[in-house]
There are 2 protein chains.
Amino acid sequence: MAIQNTGGMQRRPTHPGEMLREDFLPDYGLTVAGLAEALGVSRQSINELLRERRAVSPEMALRLGRLFGNSPEFWLNAQRAIDLWVAAAAIKDEVERIKPLDAA
Amino acid sequence: MAIQNTGGMQRRPTHPGEMLREDFLPDYGLTVAGLAEALGVSRQSINELLRERRAVSPEMALRLGRLFGNSPEFWLNAQRAIDLWVAAAAIKDEVERIKPLDAA
DNA sequence: CCGAAAAGTAATCCGTCACGTGACACACGT
DNA sequence: ACGTGTGTCACGTGACGGATTACTTTTCGG
């Protein structure tokens with residue numbers, strides 16, 4: 001059966017920027033500017049990502065996946081968890097007012 | 001091991017709007033306006049979704065998942081496939097210019 | 001038939017967001 | 001002291017989800 005998880009999780013999921021900051025940058029010995037150049041984006045893009053002020057876009061996910069040898073999906077999964085968490089918090093009551101069709 | 005799929009897929013992945021139009025609407029006997037009202041959004045939002053002119057947002061995914069009894073991830077997975085496909089087509093050469101760190 | 005209600009769609013406005021550029025301040029090493 | 005690199009802010013741009021409004025087409029009851 002499909003797990004529903006209608007409740008959503010308690011705490012905000014880990015932001016990809018945190019993963020980058022805590023794990024990837026130290027592990028690879030990269031600086032912000034260095035990463036920016038390696039990815040072919042501006043320093044600000046990386047900076048805002050690390051500060052968790054910007055989401056990982058599909059384009060950015062492609063770049064990150066390419067550089068670090070993992071899939072774009074890896075980065076977008078983390079981002080999606082955040083997006084869903086934020087969206088759920090924002091329109092929680094709206095969504096709960098929707099009557100599931102199965103349960104008729 | 002992590003499968004890489006660096007090549008990307010040949011044809012454009014199925015748009016969530018197509019799934020709605022071809023499968024969900026007929027199966028549940030819903031009209032566009034009916035779906036819009038059931039979800040609590042405007043008719044245009046649904047209309048543009050069905051015509052594949054708009055992406056499934058996290059908010060919309062929450063609504064759809066709630067109404068149809070499946071997960072928001074289901075809808076966002078389909079959307080992400082499209083987003084990645086489009087992004088890859090757009091910045092393919094840019095990404096390929098990035099040197100993977102592992103492969104040194 | 002015909003007129004009204006419902007459904008599809010186009011146009012417009014608004015808020016948000018990823019991204020680049022330019023500028024600024026603060027280090028730290030030579 | 002100077003210059004290089006790094007963190008950050010301010011601004012402009014283009015794209016996009018969404019609502020509202022209005023116009024067109026279809027459908028259906030009398």
Subject >> Closest-nucleotide ordering on DNA chain D, the 5'-leading residue of B:Q79 and B:Q44 >> reply: B:Q79
Original post:
Using a cut-off of 4.0 Å on non-hydrogen atoms, how would the nucleic acid contact of B:S42 be classed: base, sugar-phosphate, or nothing?
Top reply: base
Atom pairs and distances, side-chain donor-acceptor, residues 36-44 of chain B, under 3.5 Å, sequence neighbours left out:
unit_1	atom_1	unit_2	atom_2	d
B:S42	OG	B:S45	N	3.3
B:S42	OG	B:S45	OG	3.2

**OP:** For B:A55, check side-chain contact (heavy atoms from CB on, under 4.5 Å) against everything at least two apart and list the hits.
**Re:** B:Q79
**OP:** Identify whether the distance between the nearest side-chain nitrogen and carboxylate oxygen of B:R63 and B:E59 falls below 4.0 Å.
**Re:** no
Original post:
Do any of residues 47-58 of chain B sit with a heavy atom less than 4.0 Å from DNA chain D, and if so which?
Top reply: B:R54, B:A55, B:S57
Original post:
First and last nucleotide of DNA chain D in contact with chain B, 5' to 3', at under 4.0 Å to a heavy atom: what are they?
Top reply: D:dG17 to D:dA22
**OP:** With sequence neighbours excluded, tell me which residues meet side-chain contact (heavy atoms from CB on, under 4.5 Å) with A:A88.
**Re:** B:L62
**OP:** With sequence neighbours left out, write down each residue that passes side-chain hydrogen bond (donor to acceptor under 3.5 Å, both in side chains) with A:N77, or none if nothing qualifies.
**Re:** A:R80, B:R80
**OP:** For A:R54, check salt bridge (Lys or Arg N to Asp or Glu O under 4.0 Å) against everything at least two apart and list the hits.
**Re:** A:E48
Original post:
By a strict heavy-atom criterion of less than 4.0 Å, which residues belonging to residues 19-33 of chain B are in contact with DNA chain C?
Top reply: B:V32, B:A33
Original post:
With A:F24, which residues qualify under ring-ring contact (aromatic ring centres under 6.0 Å, His included), at least two apart?
Top reply: A:F68, A:W75
Subject >> Whole-Å gap separating P (C:dC17) and CG (B:D83) >> reply: 17 Å
Original post:
Which pairs, with at least one residue in residues 19-35 of chain A and sequence neighbours excluded, count as a side-chain hydrogen bond (donor to acceptor under 3.5 Å, both in side chains)?
Top reply: A:R21-A:E52, A:Y28-B:D102
**OP:** Give, for atom OG of B:S57 and atom CG of B:L64, the distance between the pair rounded to the nearest 0.5 Å.
**Re:** 8.5 Å
Subject >> B:R97: salt bridge (Lys or Arg N to Asp or Glu O under 4.0 Å) partners, not counting sequence neighbours >> reply: B:D93
